Amino acid sequence: MTDVKFPGSKTHHEPAHDESVRSNTVVVGIDGSPASDDAVRWAAATAADRGLPLHIVHALDFAPSGYSGAPFIQTAQVFEWIEDEGKTLLQRAEEVARTVAPALEITTRLAATGSARWLIDLSAHARMLVLGSSGTGRVGEALLGSTPVAVASHGRCPVVVVRGEAPESLPDTRPVVVGVDGSTLSEKAVRAAFEEAGLRGVDLVAVHVWSDMRRGTFDEAVEVSIDPDAFAESEQALLAERLAGFHDRYPDVNVRREVYVDGPRAHLLAWSEKAQLLVVGSRGRGGFTGMLLGSTSNSLIRDAHCPVMVVRPDES
């Protein structure tokens, strides 16, 4: 851990390598907004259910203070104020987590800078990294605004962006939904979805869409030149092939297969209204090698009605 000192301020901690994050830890990034409170609750419940520790992190952000061009002594005072505010946010987040899981093992960490970059580094050593859907807190507003896109694009573990309303009653029996595009890139997303469904004791809905084009693009063509029964049979066979290797590993997971012609974003958004978790790969079959986050996964982490887990194909 590297200590970063601002003249006239207290010592800030910016870990170059956070050794407190073990490979079995659920990490949640906070900014004090209602969205990050939701993320803390979701992360705490997930960690407690699996007997894992929770690591709550907050990266200080000085941009919202408006003092970036202030005289030096005034800036030093702002550093101290923002550090105190960051510690308060961490303490409050821990209290929020305790309301969900009082006996949960919780650690916290404050960094002077980093936000998305730091979270990406932490993801290399975490079981799962959890974020809120937006950043509207008084301090650290930038942390969770565009950060979910950046972290989902580069994260080294599954990244969950918490969206939607919490279930009205427990246990939550809604299914886990996974987008399966037929490419080898989605294999890790399918594996993660099976694992999540098995741990939660719920059904898995595997959604396969033949084309990435907008919903309704091929309506007329299907009516004129495609045998609907033959199409459904062919695509169901492809989907079954992609899922086959996981049934033996997760025999208790009941799988429902859904096949559509086009519109992956529209269909997955619709399924997110009925799901407790939506799992997608970071980029689909049409993504270029340099494309870190596909258009479908990008839109889902912004618009879905339930938490979205993004799984990159090259995760270690």
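Nothing here was measured: the structure is a model prediction, and the numbers come from that model.
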- Pairwise distance CG(Leu277) to CH2(Trp42) - rounded to 0.5 angstrom: 5.5 Å

- Spatial distance of atom NZ (Lys274) from atom SG (Cys306) [nearest 0.5 Å]: 12.0 Å

- Less than 4.5 Å apart, any side-chain heavy atom of Arg109 and any of Trp118? yes

- Item | Any side-chain heavy-atom pair of Arg200 and Gln276 under 4.5 Å | yes

- Task: Report the distance from atom CD1 of Ile30 to atom CD of Glu94, rounding to the nearest 0.5 Å.
- Result: 10.5 Å

- Item | Residues Glu187 and Arg191 bridged, charged N to O under 4.0 Å | no

- Message: Give me the atom names and distance for the closest heavy-atom approach of Val279 to Ala189.
- Response: CG1-O, 3.4 Å

- With side chains defined as the heavy atoms from C-beta onward, is the minimum distance between Val161 and Val310 less than 4.5 Å? no

- Task: Identify the two heavy atoms, one from Ile82 and one from Leu60, that lie closest to each other, and give their separation to 0.1 Å.
- Result: O-CD2, 3.5 Å

- Which atom pair, heavy atoms only, marks the closest approach of Leu278 to Ala304? CD2-CB, 4.5 Å

- With distance as the sole criterion, is a donor-acceptor pair present between the side chains of His55 and Thr107 under 3.5 Å? yes

- To the nearest 0.5 Å, what is the distance between CD (Glu105) and OG1 (Thr25)? 7.5 Å

- Can you find a pair of side-chain heavy atoms, one from Val149 and one from Arg302, that are under 4.5 Å apart? yes

- Task: Would you indicate whether the side-chain heavy atoms of Val178 and Val207 approach each other to under 4.5 Å?
- Result: no

- salt bridge (Lys or Arg N to Asp or Glu O under 4.0 Å) assessment of Arg265 paired with Asp303: CA-CA 10 Å; Arg265 176 183 179 277; Asp303 301 322; 3.0 Å; yes

- Non-hydrogen side-chain atoms of Pro53 and Asn24 separated by less than 4.5 Å: yes

- Evaluate the salt bridge (Lys or Arg N to Asp or Glu O under 4.0 Å) criterion for residues Lys188 and Glu195: first the C-alpha distance (whole Å), next the side-chain angles of each, then the deciding distance (0.1 Å), finally the verdict. CA-CA 11 Å; Lys188 286 198 173 182; Glu195 181 179 8; over 6 Å; no

- Query: If you look at every heavy atom in Ser153 and Arg312, which pair is closest and at what distance?
  - Reply: O-NH1, 2.6 Å

- Quick check: does any side chain N or O of Arg242 sit under 3.5 Å from a backbone N or O of Val180, one acting as donor and the other as acceptor? no

- Task: State the CG-CD1 distance between Leu89 and Ile56, to the nearest 0.5 angstrom.
- Result: 11.0 Å

- Is a donor on one side and an acceptor on the other found under 3.5 Å between the side chain of Ser33 and the backbone of Ser36? yes

- Query: Angle class for the His247/Phe194 ring planes (parallel below 30°, perpendicular above 60°, tilted otherwise)?
  - Reply: perpendicular

- Should we say atom CZ of Arg92 is surrounded by more than 12 heavy atoms from elsewhere, each under 6.0 Å from it? no

- Salt-bridge present (Glu85, Lys87; N to O < 4.0 Å): no

- Note on the structure: So CG of Leu238 and NE2 of His208: to nearest 0.5 Å the spacing works out to 4.5 Å

- Hey, are the side chains of Val130 and Val27 touching, using non-hydrogen atoms and a 4.5 Å cut-off? no

- Task: May I ask you to test the Asp203-Val253 pair for a side-chain heavy-atom distance under 4.5 Å?
- Result: no

- Query: Shortest non-hydrogen contact from Leu54 to Ala47?
  - Reply: CB-CB, 4.4 Å

- Message: Restricting to non-hydrogen atoms, name the atom on Gly179 and the atom on Ser186 that form the minimum distance, rounded to 0.1 Å.
- Response: O-CB, 4.4 Å

